[in-house]
Q: 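Have a look at this one before I ask anything.
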Amino acid sequence: MSIRKYIAYLRTVETGSITQAANELGYTQSAVSKMISDLEQDWQVKLLTRNHSGIEISSDGMVLLPTIREIVKDYEDLNFAVSELHGVQSGTLRLGCFTSLAISLLPEILKDFHQTYPNIQIQLMTGEYYEISEWLRRGAIDCGFLAIPASNDFETTPILHDTMVAILPKDHPMADASVFPLEQLPHENFVRLMEIEDYEFNRLLDHYNIHPEVTYDTTSDFALLSMVEAGLGVGIVHSLLIKPGRYRVAALPLNVKQSREIGIAVKKGFLPSTITQLFLQHVVDYTKDMGEITVIRH
């Protein structure tokens, strides 16, 4: 039985789409459909069901999935071991990350990793915590960065802390202040980052019973930074988001200490691939002396 059929089926389940699996694997959609159909015919089981929203794994497919995933992982580990014998160390790592880390520390982490393993390809998916969690559960990614505590169906290794800060237009009267008091927010035009599921910023304001009038709502970190830069108001963000210093905003520590712990997670109960283990160790080594990411004054 060709391992390609296992991989095609596994990627279809993980992505939830025959089309996307075909694009990732370099096949036509009909070729992937044929490979899955061949498996169903050979095994005399239904592996996928189709409904109005697309495809989903069948009950029989769910039973077979852990074994198929293990076979594919062993195949990938074997390929990596063979590549090591030839001094190449090649393969693919699928990684999930949230925006503030993806635009700040992650590029340097990946650059350092690439220098050691230049033939390992990285596939990066960015999203919110809940999206990264879902990708991990489905197997769409090998590992992902999350805020801790994370779901108990993940094995999560802490790597650093990241503080919340206020960002203000450069010409704001408080731009040179030493701290930004949360109590000031109701007196400002507030640019709020709309959180779909995680609600970190809302919890902060609720905890201190501060309810500013929201002037602008946005779901985009970059839009928020641009709006503050343009003088539309002030915002609250994590320090990592402003670490590159690409936006002309003033960044002030809050008068209350609020931080998140960040970790890198894998799905519990499944032995990570060799490449995933190499990357996990690299991240731990790279961040071991970083401690807490704090506001950077410009």
Side-chain angles (χ1 to χ4, degrees), residues 1-77 79 90-99 101-102 106 110 120-146 150-151 153-154 196-198 219-220 264-270 272-273 275-276 279:
M1 185 65 67
S2 171
I3 189 70
R4 293 184 307 152
K5 296 178 182 179
Y6 297 164
I7 295 171
Y9 174 63
L10 183 61
R11 288 307 291 151
T12 298
V13 171
E14 291 170 345
T15 61
S17 166
I18 291 177
T19 301
Q20 187 172 337
N23 289 337
E24 289 186 11
L25 297 173
Y27 299 136
T28 63
Q29 182 177 341
S30 60
V32 172
S33 294
K34 177 66 165 57
M35 284 188 273
I36 295 172
S37 178
D38 287 347
L39 288 177
E40 291 179 324
Q41 185 172 352
D42 291 339
W43 293 340
Q44 293 296 295
V45 297
K46 195 70 175 173
L47 295 173
L48 296 176
T49 60
R50 288 167 173 79
N51 54 39
H52 65 279
S53 59
I55 60 168
E56 60 183 34
I57 188 170
S58 68
S59 56
D60 288 336
M62 191 69 73
V63 171
L64 297 174
L65 185 62
T67 303
I68 295 174
R69 182 173 278 128
E70 194 65 29
I71 290 171
V72 171
K73 186 191 82 68
D74 288 345
Y75 173 74
E76 292 173 345
D77 285 346
N79 279 341
S90 63
T92 301
L93 175 76
R94 298 168 299 163
L95 174 65
C97 190
F98 49 88
T99 301
L101 183 61
L106 185 61
L110 295 180
I120 293 180
Q121 180 189 15
I122 305 291
Q123 295 178 355
L124 176 63
M125 296 172 63
T126 58
E128 309 247 359
Y129 303 146
Y130 76 94
E131 293 175 303
I132 297 168
S133 297
E134 183 56 31
W135 296 335
L136 276 172
R137 291 188 183 98
R138 285 206 331 251
I141 56 176
D142 302 303
C143 57
F145 293 96
L146 291 170
S151 172
D153 53 349
F154 302 137
I196 297 176
E197 285 200 13
D198 303 313
T219 58
S220 166
I264 185 164
V266 296
K267 191 173 180 180
K268 186 179 290 184
F270 293 90
S273 68
I275 291 175
T276 304
F279 185 73

Q: Contact between E24 and V32 at the side-chain level, heavy atoms closer than 4.5 Å - yes or no?
A: no
Q: Which residues pass the side-chain contact (heavy atoms from CB on, under 4.5 Å) test with V45, not counting sequence neighbours?
A: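 So V45 forms a side-chain contact (heavy atoms from CB on, under 4.5 Å) with W43, L47, D60, L64.
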Q: Between T28 and S30, do the side chains contain an N or O donor and an N or O acceptor separated by less than 3.5 Å?
A: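 Result is yes, a qualifying pair exists.
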Q: Tell me whether S58 contacts the main-chain N or O of G61 through its side chain, where contact means a donor paired with an acceptor under 3.5 Å.
A: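 The answer is yes, because a donor-acceptor pair under 3.5 Å joins these two groups.
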Q: Just verifying a value: how many Å separate T99 OG1 and L106 CG, rounded to the nearest 0.5 Å?
A: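 Rounded to the nearest 0.5 Å, the OG1-CG separation comes to 11.0 Å.
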Q: If I compare all heavy atoms of I275 with all of G91, which pair ends up nearest, and what's the gap?
A: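 I275 and G91 have their closest heavy atoms at CD1-CA, 3.5 Å.
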Q: Is the shortest side-chain heavy-atom distance between I71 and I3 below 4.5 Å?
A: yes
Q: Which pair of heavy atoms, one from V266 and one from P272, lies closest together, and at what distance?
A: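 Minimum heavy-atom separation between V266 and P272: CG2-CG, 4.2 Å.
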Q: Can you tell me how far apart CD1 (I36) and OH (Y6) are? Round to the nearest 0.5 Å.
A: 13.5 Å
Q: Is the backbone of E131 close enough, under 3.5 Å, to the side chain of E134 for a donor and an acceptor to pair up by distance?
A: no
Q: Are side-chain heavy atoms of I55 and V13 found at a separation under 4.5 Å?
A: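 They are not in side-chain contact.
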Q: T12 and A8: which non-hydrogen atoms are nearest, and at how many Å?
A: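 Scanning both residues completely, I find the closest heavy atoms to be OG1-O, 2.7 Å.
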Q: Rounded to the nearest 0.5 Å, what's the gap from SG on C97 to CG on L124? Could you check?
A: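 The CG atom of L124 is 6.5 Å from SG of C97, to the nearest 0.5 Å.
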Q: Would L65 and L10 satisfy side-chain contact (heavy atoms from CB on, under 4.5 Å), going step by step from the backbone distance to the final call?
A: CA-CA 8 Å; L65 185 62; L10 183 61; 3.6 Å; yes
Q: From F279 CZ over to L95 CG, what is the distance, rounded to the nearest 0.5 angstrom?
A: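 Between atom CZ of F279 and atom CG of L95 there are 5.0 Å.
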Q: Taking the side chain as everything from C-beta on, heavy atoms only, tell me whether F270 gets closer than 4.5 Å to D142.
A: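 In short, these two side chains do not touch, never coming nearer than 4.5 Å.
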Q: So how far is it from C143 SG to L93 CG, rounded to the nearest 0.5 Å?
A: 4.5 Å
Q: Quick check: does any side chain N or O of R94 sit under 3.5 Å from a backbone N or O of G139, one acting as donor and the other as acceptor?
A: yes
Q: Excluding sequence neighbours, so at least two apart, what forms salt bridge (Lys or Arg N to Asp or Glu O under 4.0 Å) with E40?
A: none
Q: If a pair satisfies salt bridge (charged side-chain N to carboxylate O under 4.0 Å, His left out) and one of its residues is in residues 25-37, list it, with sequence neighbours excluded.
A: K34-D38
Q: Can you sort out the partners of D153 under salt bridge (Lys or Arg N to Asp or Glu O under 4.0 Å), two or more places apart, ordered by chain and number?
A: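 D153 satisfies salt bridge (Lys or Arg N to Asp or Glu O under 4.0 Å) with R137 once adjacent residues are dropped.
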Q: First locate atom OH of Y27, then atom CZ of R4, and finally report the distance between them rounded to the nearest 0.5 Å.
A: 4.5 Å
Q: Locate the shortest heavy-atom distance separating S133 from F154; write the atom from each residue and the value.
A: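 Taking S133 first and F154 second, the nearest heavy atoms are O-CZ, 3.4 Å.
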Q: Are the side chains of M35 and L39 in touch, meaning some heavy atoms are under 4.5 Å apart?
A: no
Q: Which heavy atom in A21 sits nearest to a heavy atom in T15, and how many Å separate them?
A: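 Residues A21 and T15, closest heavy atoms: N-OG1, 3.9 Å.
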Q: With sequence neighbours excluded, tell me which residues meet salt bridge (Lys or Arg N to Asp or Glu O under 4.0 Å) with K267.
A: none
Q: Answer yes when E14 and R11 have at least one side-chain N-carboxylate O distance shorter than 4.0 Å, and no when they do not.
A: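 Between R11 and E14 there is a salt bridge, with a charged N closer than 4.0 Å to a carboxylate O.
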Q: State which residues pass ring-ring contact (aromatic ring centres under 6.0 Å, His included) with F145; sequence neighbours excluded, sorted by chain then number.
A: none
Q: I need the minimum non-hydrogen distance between G144 and I132, along with the two atoms involved.
A: CA-CG2, 4.0 Å
